[in-house]
Amino acid sequence: MCKCRFAGQSEWLRPDSRGRFSYDFMSTPDTQIEEVDLSGTLINHNGLENLVNQNKLQTLSLPGCPEVDDWFLARLHVFGESLLELDLSHCSRITVGGLTALQNLRKLKRLDISGLPQLQNPGLVWILLEEILPHCRVTGAEYEQGLIQPDSQEQTEDHHEASTHTGLRHL
Amino acid sequence: MWRKLFTSVPAFRALKAPCRSFSSSSRGAEKDFFKDLDTHLRAFRDKAAAAMPGSDWSPIELTPGLPPERADVVIVGGGVVGWSIAYWLKMKARVRDGLRVLVVEKDPTYSQASTVLSCGGIRQQFSLKENILLSLFSAHFMKNINNHLWVVNEDPVDLQFNHSGYLFLASEKSAHIMEENYRTQRYVGAKVALLSPSQLKERFPWMNTEGVALASLGLENEGWFDPWSLLNALRRKAVSMGVYQCFGEVTGFKCAANLAETTDGEVLNVQRIKYVHVRMPNSLEYQPVECAVVVNAAGANSGKIASMLGIGLGPKESVSGVPLPVEPRKRFVYVVHCPDGPGLDTPFLIDYSGVYCRREGLGGNYITGMSPEETEEPDISNLDVDHEFFQEKVWHRLAHRIPAFEQLKVSSAWAGFYDYNTFDQNGIIGLHPLVPNMYFATGFSGHGLQQSPAVGLAVAELILDGGYKTIDLSAFDLKRILLQEPIQESNIV
């Protein structure tokens, strides 16, 4: 169910129980949208055409959108000056190739990449993303994800070192 | 009568094992034919069924893999351009079996094919609007690739596209060219941004911006992908639509010659191709394929195909004396490993010194190379790699631009051919006046892969509709070679 919040307002504009929107926003046609929540919708890179003019967009939530893919992420560069939060959890089509396009979102503060099945090394991708996005906190991937786990007898001090070593070899 | 029937059974067994002698097997059959009566009868029945029409077996031995005896369009060259043309021809034909298309490829292993040896990059940062449009169309094609190339019951196509963009660096003297190109690119619809040296340093802290006056970064539809996946996807879809694939080499043509007189009074020998001779691999046997149209998409070998028709072999001042200016040029690609190198934000970096570099995977590997000087072109008789070239020419330029690359190790390298257009390094598409039914789609000089989906559509429109419908590529027509009017890319490299 999608909803959005305009600049200067604190309430969300969402469809009511009958699926209809109120038309209050038509009275102020020049307000920009600040937050958009598109969780679970079928939005794809063509659908972004509707949003590209919103250059004050700060938050984009896309958890569980099955049609959001790498080409969608490549189109997000238009929000490079304004986007602060991006939630991409459980979007099954996203791969590392699309996440590199996020380098254009220089103001990003929070990025959620949990539950992306096509990432073979979520821990490594987490480190690399934090490197390229200077102000961003990336959530959703843990350091150990994607590393080959040693068996339980080797739980010594050099467990940390051993797992890093095998992790890099695993690439 | 029974004895005659059972003595003929070992004859059938002898068909499967011809080295066994007649008499010993017949003695064996007589000795225990009561025991094996059942198997003998069954073998007899099977062989009789196979000899009937409607089965695979035939007493006439046919060479496997021969092309059909006639086809409407024969595409010489099974690289990405050739298969793209085949796919679009079938897409536009709409009716199954409405058009018989044959793709002839010399090497089933694709060991020297430019397509699979390519770095796989795609960019819109050109100066000619035709090049920008071609590559934009191809990017849109790849965006929706499964709408175009998915085959029922097969896996969806995955190109492994990395959306990292291209980054061109310009020095003081070429900054104005970059600004002009930026305006053309924006006008045509490419999403590019210009960066100053300080913005560049802030964005890519691992780069040494000394000497850089301006940089141009592709924001969308640029990056690199896996060329083999694209080739296989096009091939799989085209074959599913009924395109014939033949592995063989085109060794000659049989043409009908006519004499035509030009306005200057010069008499030209115009040849219309009637048959294409396709020779089978490792054999002298060839099949003449009767055809209406031939497409020359042979890449680095297109010049050789053109010379089989006498193009370039005539007297110097006449039309037939101008050869097709496409020849193979060897280019090296080196894979280097640098653990402290730039990270996920590495674009496909192209420096004004000519060196290029892109990230490969997530493990600190990079692919790099450089175009050699005109005077120092490497030998094209083989695909051996010259490692000295990296040590002497590439490394120091690379390390100057990215200081982390002072410590690196070359893991491997390969070489591939460009179908280099020596005239103006842009594609050659269209008909030759001396051969009214051969369409050329070659000479892309390193850009063939990224322009292939769009070029395929353009050539299919030329063949089936008689003119360009989607992108107007009349600027790339072959006539410019004969009129000596080059169109140059004013790129900074």
Undergrad: Please test B:F161 against A:W71 for ring pair (Phe, Tyr, Trp, His ring centres under 6.0 Å), starting from the C-alpha separation and ending with a verdict.
TA: CA-CA 9 Å; B:F161 202 106; A:W71 294 91; 4.6 Å; yes

Undergrad: Chain A heavy atoms under 4.5 Å from B:R359: which part of the residue, side chain, backbone, both or neither?
TA: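 The side chain, not the backbone.
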
Undergrad: Checking B:F225 against chain A: side chain, backbone, both or neither under 4.5 Å from a heavy atom?
TA: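 Neither part.
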
Undergrad: Looking only at heavy atoms and a cut-off of under 4.5 Å, which of B:K143, B:M142, B:E220 has the most pairs with chain A?
TA: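 Of B:K143, B:M142, B:E220, B:K143 has the most heavy-atom pairs under 4.5 Å with chain A.
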
Undergrad: Is there a donor-acceptor contact under 3.5 Å linking the side chains of A:N104 and B:R203?
TA: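 Result is yes, a qualifying pair exists.
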
Undergrad: Do A:R75 and A:E49 sit within salt-bridge range, that is, some charged N less than 4.0 Å from a carboxylate O?
TA: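 Salt bridge present between A:R75 and A:E49.
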
Undergrad: Would B:Y352 and B:R401 count as having a side-chain donor-acceptor pair, cut-off 3.5 Å?
TA: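 Yes.
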
Undergrad: Heavy-atom pairs under 4.5 Å with chain A are the metric here; pick the option from B:N162, B:N221, B:T346, B:L219 that has the most.
TA: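 Highest number of heavy-atom pairs under 4.5 Å: B:L219.
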
Undergrad: May I ask you to establish whether B:R123 and B:F126 are in a cation-pi arrangement, using a distance under 6.0 Å from NZ or CZ to the six-membered ring centre and at most 45° from the ring axis?
TA: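 Yes, B:R123 lies over the aromatic ring of B:F126.
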
Undergrad: Parallel, tilted or perpendicular, judged at 30° and 60°: which one describes the rings of B:F141 and B:Y87?
TA: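 The arrangement is perpendicular - the two ring planes meet at more than 60°.
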
Undergrad: Which of residues 76-84 of chain A get closer than 4.5 angstrom to chain B, counting heavy atoms alone?
TA: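 Only A:H77 of residues 76-84 of chain A have a heavy atom under 4.5 Å from chain B.
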
Undergrad: Decide yes or no for B:Q451 and B:F137: does some side-chain heavy atom of the first lie under 4.5 Å from some side-chain heavy atom of the second?
TA: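 Side chain of B:Q451 against side chain of B:F137, heavy atoms only: no contact under 4.5 Å found.
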
Undergrad: In terms of heavy-atom pairs under 4.5 Å with chain B, which of A:L133, A:D70, A:I127, A:L73 leads?
TA: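 Maximum pair count with chain B is reached by A:D70.
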
Undergrad: Can you check whether B:V192's main-chain N or O pairs, donor with acceptor, with B:R186's side chain at less than 3.5 Å?
TA: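 Indeed, once roles are kept as given, a pair shorter than 3.5 Å links the two residues.
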
